[in-house]
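Notes follow once the structure below has been shown.
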Amino acid sequence: MQAIDTLTPCPCGNDAGYARCCGPLHEGAVAPTAETLMRSRYSAYVLKREDYLLATWHPSTRPASLKLATQQPAPSWLGLDVKRHEEDGEHAMVEFIARLRYGGGKAQRMHEISRFVREQGRWYYLDGQFPES
Ligand SMILES: [Zn+2]
């Protein structure tokens, strides 16, 4: 099994690699922007880091569990494309397209506009909308 700290590029697509991109955030570093947090959350889905996904989810909208470990069919994440990132004080939005496939199914696109809020210097995922694409 490959150690995740050697992943290059990073699961979010950054050529710098996991150890210089999403890895430190998964270990507790503060995400400087909502886009950085969003990318690290995508990587957390790839790596099934449910603890990280819940920790970066705002308590007002956070589910009790994501059950990533037992999800069937399990998604294979194929790539991330961030389209837009806007910050306004303590609020931000990130529009992105993630590509994934469930089991042996065909690849599909997940187009989401996510909202984020910053509290005590940390960004949190609030919720998402799924526009027609
Ligand atoms: Zn990354």
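Just follow the structure's listing: the first ligand is 1, and inside any ligand the first atom is 1.
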Report task. Check the surroundings of atom CZ in R115: do more than 12 heavy atoms from other residues, nucleotides or ligands lie under 6.0 Å from it? Result -> no
Requested in this report: Check the side chains of Y18 and S43 for a donor-acceptor pair under 3.5 angstrom, ignoring hydrogens and angles.
Outcome: no
Query raised in the report: Can you pull the side chain to side chain donor-acceptor pair (under 3.5 Å) pairs that have at least one residue in residues 86-99, sequence neighbours excluded?
Result: R84-E86, R84-E95, H85-E87, E90-R118, E95-H111
Requested in this report: Quick one: name the protein N/O/S atoms under 2.8 Å from the Zn ion (ligand 1), chain by chain.
Outcome: C10 SG, C12 SG, C21 SG, C22 SG
Requested in this report: Using only heavy-atom distances, determine whether the side chains of T56 and R41 contain a donor-acceptor pair under 3.5 Å.
Outcome: yes
Query raised in the report: Can you name the residues that form a side chain to side chain contact (heavy atoms under 4.5 Å, CB included) with K67, not counting sequence neighbours?
Result: S65, T70
Query - salt bridge (Lys or Arg N to Asp or Glu O under 4.0 Å) partners for E35, two or more places apart - result: R39
